[in-house]
Amino acid sequence: MIDYKSFFKITYGLYILSSKNKEGKLNGHISNTVLQVTAGPPKFLVASHKDNLTSDYIIESGVFAVSVIQQDVDLKYMGPWGFQSGKEIEKFTDEVNYRIGKTGAPIVLDKTVSYLECKVLETKDVGTHLLFIGEVVEAGNLQEDKKPLTYAYYRDVIKGISPEHSPTYIEEKKVEEQQKQQLEQSHKKYQCVICGYIYDPAEGDPDGGIAPGTPFEEIPDDWQCPVCGVSKSDFNPME
Ligand SMILES: Cc1cc2nc3c(=O)[nH]c(=O)nc-3n(C[C@H](O)[C@H](O)[C@H](O)COP(=O)(O)O)c2cc1C
């Protein structure tokens, strides 16, 4: 089984991945998939959905920039970068504080702590997303006194979620369904096939050392039926 909630414990940062197209138009999107893959020379990997405008721009120009977002931002800040496409809106407007980097890709200066710019060396198709591996050509710090935003902080404190184009997207319905199933499972009764004794998780088996509230799955394997003494494997789930 895949417990989707376990994915939430994978740690990431949050960034604005940006680029330009052949005509010099600029675009960028929120990304949590930015990873340094080698040190000498420094290379970074980013993942961008094939339908994102930013992917088209990176393919066209062969360059990208990563601006590292600071921790104290709100959902409004994330909105245009993470939930809207440059196919519908202009993202690098006069209201955005940015500068053009060495590669020609834009570096966002609003609420960011550092940046790096890369020249693409390799592109790998992984299905819904493209992986771009780039060598760093320029990097710098923008603010020393602010912490970078993590994906966990974004989920737990800012209460943000990942939209469909994000690799970390998980249908909330899927998580709810799974939580429901796990809850049902923890209340499930099991019956001994030899004597008919029913193990009820609500009652447990205190005389056998099993506390009330213990789901059948969590009972140790050497536990025995309190009535006839057979092992745990002689129990079947009840409908
Ligand atoms: C928290 C968060 C993380 C995201 N991570 C990624 C990512 O790693 N890769 C990606 O392709 N999209 C990611 N997205 C989704 C894009 O930011 C979103 O689809 C954006 O609208 C694409 O913009 P564009 O079409 O202008 O490039 C993320 C969004 C959020 C809010």
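Predicted model only: the values in this text are computed from it and were never measured. What you see below is based on every heavy atom in this structure, not just the backbone, and it leaves out hydrogens, waters and symmetry mates. We count ligands from 1, going down the list as the structure has it; atoms in each ligand are counted the same way.
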Closest approach of any protein heavy atom to atom 23 (O) of ligand 1, naming residue and atom: Lys91 NZ, 3.1 Å

Part of His129 within contact of ligand 1 (heavy atoms, under 4.0 Å): side chain

Student check: side-chain heavy atoms of Asp234 and Cys225 closer than 4.5 Å: no

Atom 8 (O) of ligand 1: nearest protein contact (heavy atom, Å): Thr33 OG1, 2.6 Å

For Leu53, the option from Ser85, Ser48, Ser19 that meets side-chain contact (heavy atoms from CB on, under 4.5 Å): Ser85

Asp51/Lys87 salt bridge by N-O under 4.0 Å criterion: no

Ligand 1 contact on Leu17 by region, counting heavy-atom pairs under 4.0 Å: neither

Nearest neighbour in protein (non-hydrogen) for atom 1 (C) of ligand 1: Tyr154 CE2, 3.3 Å

Protein residue, atom and distance nearest to atom 5 (N) of ligand 1, heavy-atom basis: Asn32 OD1, 2.9 Å

Shortest protein heavy-atom distance from atom 11 (O) of ligand 1, along with the residue and atom involved: His49 N, 2.7 Å

Side chain, backbone, both or neither: Val46 near ligand 1, heavy atoms under 4.0 Å: neither

Tyr98-Phe92 aromatic ring centre distance below 6.0 Å: yes

For atom 29 (C) of ligand 1, closest protein heavy-atom neighbour: Pro163 CD, 3.3 Å

Residue portion contacting ligand 1 (non-hydrogen atoms closer than 4.0 Å) for Ala47: backbone

Met78 and ligand 1 - part of the residue with a heavy-atom distance under 4.0 Å: neither

Atom 17 (O) of ligand 1 [closest protein heavy-atom partner, distance rounded to 0.1 Å]: Ile30 O, 2.9 Å

